[in-house]
*Asks:* 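My questions all concern the structure below.
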Number of protein chains: 2
Amino acid sequence: MGFSDPRIGGGTAVDPGLLGELLSHAVARANFSGDADFQRAVGDRSITPLRYSLLELIGANPGLQQVQLAEALQLSRSAVTLAIDYWQGRGCVERRTSTIDRRSFGINLTETGNALLADLRTRVLAHDRRFAACLNQHERAELGRLLHKLQGGAE
Amino acid sequence: MGFSDPRIGGGTAVDPGLLGELLSHAVARANFSGDADFQRAVGDRSITPLRYSLLELIGANPGLQQVQLAEALQLSRSAVTLAIDYWQGRGCVERRTSTIDRRSFGINLTETGNALLADLRTRVLAHDRRFAACLNQHERAELGRLLHKLQGGAE
DNA sequence: TATTGTTATACTCTATAACTATA
DNA sequence: TATAGTTATAGAGTATAACAATA
């Protein structure tokens, strides 16, 4: 039944090859497992890390233009349009046409959006604590520092 | 022209809200910028980090079953089927029907696949060095250690 | 019955290009 | 001309469920 294969049964691991030495791959793996836990924590599978982060940004910066949100999240304008459409469809966000520049909108949370964001925050916070549960206080701070240092370092 | 908005012009940053405190979000951001650089390093936009990592694993573990590849990358069987289809379509990989268990294949690199993988490795290595360029030797080791510790910590 | 792999389906995410309206 | 936003399109990535072949 294939147990003659040394890789099976005895728990012999797959050889990661070069992957084991790549920091970028380690980041990708950590991200992947983080996403899975995020999903479990939030419950609603349509609320993804990206969509949550957009809602969070809107909550923290009421009235921002879509272009500014796109820049903050490093996304294209169309990607932001779609993500905002999602939240608007759920009644969480509204587009207020600007009186100064009628090409653009100010994006704001509705009452519903505010309530949902508050709920999401507790779930996401629990998720993040679980995500970093195996690290001590010092390690978390250090990881955060290193990751932030990495930001934009590959330009 | 909107410059009355304090967020515009003067370089005032967008408030990250809770995102600024989430380790999982910092990981996601780092991953995102890493992917962008990976793309630039590799050139061919259809060769994604996922597809590369599959090829790397096949190269390091000739003859593995698809199920084992799926487990190693934490993917569904169907996701692996599609990714292997991609490499097979490019003549880089072949499915050899097992004589022991005729339900499964052993996945192997072709000559073409071997050559491509060798080329990719130098590009990906350059990418990873650039990715971590702003960290010193000690910081890289520490980041690697912390990320590996994170693996599976959210289960 | 259980497992390996495939296929069908459905969604998310992303970008580019072409478009509209406004500046 | 340039910018904000939308739409259409295309492709990547993912999972679930139903299926075939084999164990």
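Order of the sequence lines fixes the chain letters, A, B, ..., with proteins taken first and strands second; residue numbering starts at 1 for each chain.
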*Asks:* Check side chain to side chain contact (heavy atoms under 4.5 Å, CB included) between B/Asn114 and all other residues, then give those that pass, not counting sequence neighbours.
*Replies:* B/Leu109

*Asks:* Rounded to whole angstrom units, what separation is found between the CZ atom of B/Phe105 and the C1' atom of C/dT3?
*Replies:*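 Between C1' of C/dT3 and CZ of B/Phe105: 14 Å.
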
*Asks:* Taking the side chain of A/Arg103 as its heavy atoms from C-beta onward, which of D/dG5, C/dT4, C/dT22 lies nearest to it?
*Replies:*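 Per side-chain heavy atoms of A/Arg103, the pick is C/dT22.
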
*Asks:* Just by modelled atom types, is the B/Asp15 backbone N or O under 3.5 Å from a matching donor or acceptor in the A/Asn61 side chain?
*Replies:*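 Present.
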
*Asks:* Return the value, rounded to whole Å, for the distance between atom CD1 of B/Ile47 and atom P of D/dG11.
*Replies:* 16 Å

*Asks:* Are B/Arg96 and B/Glu94 close enough for a salt bridge, meaning some N to O gap below 4.0 Å?
*Replies:* yes

*Asks:* Is B/Arg95 paired with B/Asp85 through a side-chain N to carboxylate O contact shorter than 4.0 Å?
*Replies:* yes

*Asks:* To the nearest angstrom, how far is B/Trp87 atom CH2 from D/dG13 atom P?
*Replies:* 10 Å

*Asks:* Not counting sequence neighbours, which residues clear side-chain hydrogen bond (donor to acceptor under 3.5 Å, both in side chains) with A/Ser76? List them please.
*Replies:*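 Testing A/Ser76 for side-chain hydrogen bond (donor to acceptor under 3.5 Å, both in side chains), a comparison that skips the adjacent residues, returns A/Ser78.
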
*Asks:* With the threshold set at 4.0 Å, does a side-chain nitrogen-carboxylate oxygen contact exist between B/Arg90 and B/Asp44?
*Replies:* yes

*Asks:* Please give, in whole Å, the distance from D/dG5 C1' to A/Leu64 CG?
*Replies:*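 After rounding, the gap between these two atoms is 15 Å.
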
*Asks:* Rounded to the nearest Å, what distance is computed from the CG atom of residue B/Leu54 to the P atom of nucleotide D/dA12?
*Replies:*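 My rounded result for the distance is 15 Å.
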
*Asks:* Summarise how protein sits on nucleotides 9-19 of chain C as a single string, 5' to 3': B when a protein heavy atom is under 4.0 Å from the base, S for sugar-phosphate-only contact, - for no contact.
*Replies:* ---SSBBB---

*Asks:* Could you please name the option among D/dG5, D/dT22, C/dG5 that lies closest to any side-chain atom of A/Thr81?
*Replies:* D/dG5

*Asks:* Does a nitrogen or oxygen in the side chain of A/Gln66 sit under 4.0 Å from OP1 or OP2 of D/dT6?
*Replies:* yes

*Asks:* Whole Å only: how far is the CG atom of A/Asp85 from the P atom of D/dT6?
*Replies:*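 The answer, rounded to whole Å, is 6 Å.
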
*Asks:* Test your reading of the model: is there a side-chain donor-acceptor pair from A/Gln68 to the backbone of A/Gln65, 3.5 Å cut-off?
*Replies:* yes

*Asks:* Classify the side chain of B/Arg102 versus the base of D/dT22 as yes if they form a donor-acceptor pair under 3.5 Å and no if they do not.
*Replies:* no

*Asks:* Let me know the distance between CZ of B/Arg96 and C1' of C/dG5, rounded to the nearest Å.
*Replies:*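 For the pair B/Arg96 CZ and C/dG5 C1', the rounded distance is 18 Å.
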
*Asks:* Take the protein atom CD1 of A/Ile84 and the nucleotide atom P of D/dA4, then report the distance between them rounded to whole Å.
*Replies:*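 Rounded to whole Å, this separation is 14 Å.
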
*Asks:* Do any side-chain nitrogens or oxygens of A/Gln39 fall under 4.0 Å of OP1 or OP2 in D/dA15?
*Replies:*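 So the side-chain polar atoms of A/Gln39 never come under 4.0 Å of the phosphate oxygens OP1 or OP2 of D/dA15.
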
